[in-house]
Amino acid sequence: MPNQQTKEKEKTQPSFRIPGSNSPNKASSQSPSPSGENQSPKKSKEKPKDDIKVLSSYELNVNGLIVNIKILLKKGAFVPEYHISIINISQVTKVVLDKIKDEFVRKVQIGEIDLSKSAGFDEIKDQFSGEIQLLIKKYFPHIDEKTTNLLVNHLIQENIGLGKIDIILKDPNLEEIAVNSSQEPIWVYHRKHKWLKTNVYVSSEDKIRHYATMIGREIGKEITVLKPLMDAHLSTGDRVNSTLYPISSFGNTITIRKFATKPWTITDFIRTGTIGYEAAAMLWLAVENELSILITGGTGSGKTSMLNVVANFFPPNQRIISIEDTREITLPKNLHWVPTETRLPNPEGKGEVTMLDLVVNSLRMRPDRVVVGEIRRKREAEVLFEAMHTGHSVYATLHANNAEETIQRLVNPPIEIPAQMLSAISLICVQYRNRRTGNRVTLQLAEVDKEGNSNVIMQYNVSKQEMNFLQTPRRLFDTITLYTGMSEDQIRTDLEDKKEILQWLVSKNINDIHKIGSIMAHYYLRKYTIQNNDS
């Protein structure tokens, strides 16, 4: 979701000017164009060429750098271009900054500056920052502290960070960043415009490999000729995959899936048409009654986002243990929640903590609900299904395109769970992404019968763009009746009450996860109080 740093471009930001006419960069006081090139006012007022159409334009503030983003469709091109330019540092200033960088590198090489004693990236960054500030003061003696920090951050990003990739990572409109080789531009997946080419290249294959090595080193992983594949994550939680040539034939690659800075909520899903009120109320009913839910779908269909949305309905008086490879789930702060993550082995192969380790350990922590990022292996699935059969509510994701395929994946290798155990799942929620339009929707809600077969109770109608009931959720209602004593009419009334609350949340546009958690807590407390008074 876009944050406050993103805004539609309404006026030109003032470019960065170096004060002091006696400084070596006197010419840099000229105002640059959005592309960083100095140009006359006459040229800046020229209309865009007819062969370039601006689909979208906005600005980002990245550590003081004003970055202009334009989505351009050029004549004859089949893919729009994601064009970035820094507009508050002039071209002449950039030349002086390159000179500062070269002088810094020379001092490191001849031993005047020693970075070898630094233990990690933070230490290197601190020492780099201090030394660079001295050089900036040498070339720009009259600039203030704010401007100095801006230039230091720019040099850090260009020289010991991920370069322009660091800027792209700050755009909240992007979901994925892909470096395919040094021979082609970086690609990005935009929430609105889908896959786009950028005007950014990584200069060489060695640079791509350096970035991958730097990312891996921070979490104790390495990528080498003998180990040319790497899964890792950034400190921000963004997931990273990297491959080396010749495993990837065109060159070294880096793929970054961005961590959502703002967690998805049920309000967001309903407002964007991802799910309807009836299906959302059905999921809430299952969660409230501690029934296990499996969320499935293809890659990028929104499984983890839906897992986060389902967690909106958790009551505050139960213990929740979440298990993930990289933490992506964010729950309301009023919940009794213990998030856990797997850990990779060190270079000696020691210290690994696997998903199975965490699943087994979670059952010793007296959880009421267990949330699992993804089921991948047989042993993990066996432990989870055993947890369901012993009274724990389990919520997990699995790769499968529909309800029937979900069952087939579970009962066949490599997971291979006995069909009789599948009845512990009360609901299967299938997410779907239309790769042509990029739209994500809840495709199916299905229950699992006693024999382990799926029965679809709600399904999305693509032509009408709405979700319809196919049949009454027989087993779901029977299970709730068995454990609560509610009649079918009472269950339907409860569903209508939940639907009204969801409509109210949407009408008020309440999409902060912590506020929704507070509303849910009040709902459960009020309902519990009424039930006790009635009894």
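Any value given below was found using the heavy atoms of this structure, including those in side chains, with hydrogens, waters and symmetry copies removed. For this chain, numbers begin at 1 and follow the sequence in order.
- Residues M306 and C429 are in side-chain contact: their nearest non-hydrogen atoms beyond the backbone lie under 4.5 Å apart.
- One distance of note links OG of S242 with CE of M230; it measures 5.0 Å at 0.5 Å rounding.
- Closest approach of S56 to H193, counting heavy atoms only: CB-NE2, 3.5 Å.
- Put simply, the side chain of Y189 does not reach to within 4.5 Å of the side chain of I177, judged on heavy atoms.
- Looking at E175 and R440, a side-chain N of the basic residue comes within less than 4.0 Å of a carboxylate O on the acidic one, giving a salt bridge.
- Here the side chain of H514 pairs a donor or acceptor atom with the backbone of K333 at under 3.5 angstrom.
- Residues T296 and T406 have side chains that bring a donor and an acceptor to within less than 3.5 angstrom of each other.
- The two residues I215 and A232 come nearest to each other via the heavy atoms CG2-CB, 4.2 Å.
- At least one donor-acceptor pair closer than 3.5 Å links the side chain of R191 to the backbone N or O of P172.
- In this structure, the side chains of V310 and V287 come closer than 4.5 Å at one or more pairs of heavy atoms.
- Ring centroids of Y524 and F314 are separated by 6.0 Å or more, keeping the two rings apart.
- With T274 contributing its side chain and I270 its backbone, the two residues share no donor-acceptor pair below 3.5 Å.
- Put simply, CZ on F269 and CG on N312 are 9.5 Å apart, with the number rounded to the nearest 0.5 Å.
- If you check the side chains of N241 and D231, you find a donor sitting under 3.5 Å from an acceptor.
- The two atoms that bring K258 and K170 nearest to each other are NZ-C, 4.3 Å, heavy atoms only.
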List, one per line, each side-chain donor-acceptor pair under 3.5 Å for residues 466-474, sequence neighbours excluded.
unit_1: Q471; atom_1: NE2; unit_2: V456; atom_2: O; d: 3.0
unit_1: R474; atom_1: NH2; unit_2: E488; atom_2: OE1; d: 2.5

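- Using a 30° and 60° split on the angle between ring planes, Y82 and H190 fall in the tilted class, from 30° to 60°.
- Ion pairing between a basic and an acidic side chain is recognised when a charged N comes within 4.0 Å of a carboxylate O; K303 and E374 show no such pairing.
- A donor-acceptor pair under 3.5 Å is absent between the side-chain atoms of D268 and the main chain of W264, judged by distance alone.
- Put simply, the side chain of S393 gets close to the backbone of E290: a donor and an acceptor are under 3.5 Å apart.
- When only modelled atom types and interatomic distance are considered, N461 and S463 share a side-chain donor-acceptor pair under 3.5 Å.
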_T330 vs N308, test: side-chain contact (heavy atoms from CB on, under 4.5 Å). Steps then yes/no._
CA-CA 7 Å; T330 302; N308 216 104; 4.3 Å; yes
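- How far CD1 of I510 is from CD1 of I519: 4.0 Å, rounded to the nearest 0.5 Å.
- Taking the six-membered ring for Trp and the full ring otherwise, the centers of Y277 and W284 sit at least 6.0 Å from each other.
- Using a cut-off of 4.0 Å between Lys/Arg side-chain N and Asp/Glu carboxylate O, R343 and E352 are scored as not salt-bridged.
- Q420 and E451 share no side-chain donor-acceptor pair at under 3.5 Å.
- Taking the side chain as every heavy atom from C-beta outward, T342 and T354 never approach each other to under 4.5 Å.
- Taking 4.5 Å as the limit, some side-chain heavy atom of Y58 sits within range of a side-chain heavy atom of D171.
- Side chain of Q444 to backbone of N402: no donor-acceptor contact under 3.5 angstrom is found.
- By the 4.5 Å heavy-atom criterion applied to side chains, Y483 and N289 are not counted as neighbours.
- Using a 3.5 Å distance cut-off with no hydrogens or angles, the side chains of S322 and W337 do pair a donor with an acceptor.
- Side chain of S292 to main chain of V394: a donor-acceptor pair is present (N/O by atom type, distance under 3.5 Å, no hydrogens or angles).
- Two residues are said to be in side-chain contact when any heavy atoms from C-beta on lie closer than 4.5 Å; K197 and P185 meet this criterion.
- Counting non-hydrogen atoms of other residues, nucleotides and ligands closer than 6.0 Å to NE2 of H522 gives a total of 12 or fewer.
- Between the side chain of N334 and the backbone N or O of G517, at least one donor-acceptor pair lies under 3.5 Å.
- Across all their heavy atoms, M282 and L476 have their closest contact at SD-CD2, 3.5 Å.
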*May I have the step-by-step check of side-chain contact (heavy atoms from CB on, under 4.5 Å) for I321 and V371, ending in yes or no?*
CA-CA 6 Å; I321 312 295; V371 181; over 6 Å; no
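- Checked by atom type and distance alone, the side chain of R369 never pairs as donor or acceptor with a backbone atom of Y395 at under 3.5 Å.
- A446 and A403 get closest at one heavy-atom pair: CB-CB, 3.7 Å.
- For the pair I329 and L307, the minimum side-chain heavy-atom distance is below 4.5 Å.
- What you find for P367 and V370 is that their closest heavy atoms are CG-CG2, 3.8 Å.
- Here N509 contributes atom CG and D512 contributes atom CG; the two are 11.0 Å apart, rounded to the nearest 0.5 Å.
- For residues 307-331, the pairs satisfying salt bridge (charged side-chain N to carboxylate O under 4.0 Å, His left out) are R239-E328, D325-R376, with sequence neighbours left out.
- Salt-bridge check for E81 with K70: failed, with every basic side-chain N at 4.0 Å or more from each acidic carboxylate O.
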*Go through the steps to decide whether Q431 and T397 satisfy the test side-chain contact (heavy atoms from CB on, under 4.5 Å), and finish with yes or no.*
CA-CA 10 Å; Q431 294 299 114; T397 69; over 6 Å; no
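- Between the H83 side chain and the T198 main chain, no donor and acceptor come within less than 3.5 Å of each other.
- Interatomic distance, I415 CD1 to R379 CZ, rounded to the nearest 0.5 Å: 14.5 Å.
- Expressed to the nearest 0.5 Å, how far CH2 of W187 lies from OG1 of T255 amounts to 13.0 Å.
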*Determine, step by step, whether K262 and N511 satisfy the side-chain contact (heavy atoms from CB on, under 4.5 Å) criterion, reporting the C-alpha distance in whole Å, the side-chain angles of both residues, the deciding distance to 0.1 Å, and the verdict.*
CA-CA 10 Å; K262 180 189 177 300; N511 65 349; 3.8 Å; yes
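- Look at D494 and K498 and you find a salt bridge, because one of the NZ, NE, NH1 or NH2 atoms lies within 4.0 Å of a carboxylate O, short of that distance.
- The salt bridge (charged side-chain N to carboxylate O under 4.0 Å, His left out) check on R257 picks up E176, with sequence neighbours excluded.
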